[in-house]
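Start at 1 with the first residue, then count along the sequence.
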Amino acid sequence: MKIGQAAQRVGVPIHVLRHWDEMGVVVPGRMTSGHRDYTEEHLRRLQVLQACQGVGMSLSDIRQVLHRHESGRTGTIERHLRRIKDQRARLEEAERFLEHVIGCEHDLLTRCGECATYASTGSSSERERFAKTSHTLRTI
């Protein structure tokens, strides 16, 4: 399919597809006329590209993910997996804190040990204690 149809299918302007092609991220074939020729495989790759961008990956990193034989591919993927796992842990901490705050009866964060623990820049063991305490409070 031509670039206009592909752009419409993935919901981006044509110039974006041209840029991704020029960067070597998703490179379509060419028709005999020289026009770009996008297949269903290219559309799937474009959807993966958009999903990867949605979690903060750069185009150069996405290129490595999409091209199996790219140098450094495994390291790039492992780095992003670590970042995602770290982010998930921080989100879970924030979720536990906010769930606690809903029922917290203290008027100031400094008067609540659990709130103060979350707000502190202390060690991860303090945060783990908060997580365990919050879990215990929810089950009571």
Side-chain angles (χ1 to χ4, degrees):
M1 83 183 58
K2 290 186 176 181
I3 193 169
Q5 293 169 302
Q8 187 174 29
R9 291 265 308 264
V10 296
V12 298
I14 292 171
H15 75 272
V16 171
L17 293 184
R18 287 188 184 118
H19 177 67
W20 292 341
D21 178 8
E22 292 164 4
M23 296 295 294
V25 184
V26 176
V27 181
R30 295 286 180 158
M31 298 178 187
T32 54
S33 63
H35 290 60
R36 291 170 175 86
D37 185 19
Y38 289 86
T39 64
E40 289 299 318
E41 174 66 19
H42 292 113
L43 294 178
R44 296 285 183 264
R45 288 174 172 269
L46 291 167
Q47 290 167 337
V48 169
L49 183 156
Q50 290 174 304
C52 289
Q53 280 187 321
V55 296
M57 291 177 68
S58 69
L59 285 179
S60 63
D61 286 352
I62 295 168
R63 182 179 58 240
Q64 287 183 318
V65 170
L66 291 176
H67 299 273
R68 179 172 292 289
H69 301 294
E70 282 278 323
S71 175
R73 180 179 188 254
T74 300
T76 296
I77 292 170
E78 289 171 346
R79 187 178 79 244
H80 282 287
L81 283 171
R82 278 191 307 274
R83 184 182 57 80
I84 289 168
K85 288 175 183 180
D86 289 346
Q87 184 178 19
R88 182 182 301 135
R90 288 190 308 274
L91 289 170
E92 288 172 355
E93 287 177 16
E95 179 183 19
R96 284 188 295 272
F97 169 70
L98 292 173
E99 286 173 347
H100 166 77
V101 169
I102 288 172
C104 183
E105 296 181 9
H106 296 94
D107 57 344
L108 299 173
L109 293 178
T110 54
R111 291 187 182 163
C112 175
E114 292 173 45
C115 291
T117 298
Y118 179 80
S120 75
T121 58
S123 69
S124 61
S125 61
E126 289 180 81
R127 297 219 185 216
E128 288 172 16
R129 184 181 64 74
F130 172 78
K132 289 176 186 173
T133 304
S134 294
H135 177 71
T136 303
L137 289 173
R138 282 195 304 252
T139 57
I140 294 177

I'd like to know if the side chain of His67 reaches the main chain of Val25, judged simply by a donor and an acceptor atom lying under 3.5 Å from each other, with no hydrogens or angles considered. yes

Counting distance only, does the side-chain N/O of Asp37 pair as donor-acceptor with the main-chain N or O of Met1 below 3.5 Å? yes

Between atom [atom1] of [X] and atom [atom2] of [Y], what is the distance when rounded to the nearest 0.5 Å?
| X | Y | atom1 | atom2 | value |
| --- | --- | --- | --- | --- |
| Glu105 | Cys112 | CD | SG | 10.0 Å |
| Trp20 | Gln50 | CH2 | CD | 4.5 Å |
| Glu114 | Arg96 | CD | CZ | 12.0 Å |

Quick check: do [X] and [Y] have side-chain heavy atoms less than 4.5 Å from each other?
| X | Y | value |
| --- | --- | --- |
| Arg30 | His35 | no |
| Arg9 | Gln47 | no |
| Val26 | Val48 | no |

In the single-linkage hydrophobic clustering (I, L, V, M, F, W, Y; side-chain heavy atoms under 4.5 Å), do Leu49 and Val65 co-cluster? yes

Candidate pair Arg18 and Glu22, rule salt bridge (charged side-chain N to carboxylate O under 4.0 Å, His left out), full reasoning: CA-CA 6 Å; Arg18 287 188 184 118; Glu22 292 164 4; over 6 Å; no

For the pair Glu92 and Arg88, find out whether any cationic side-chain nitrogen is under 4.0 Å from an anionic carboxylate oxygen. no

Flag for Arg83-His80: side-chain donor and acceptor within less than 3.5 Å: yes

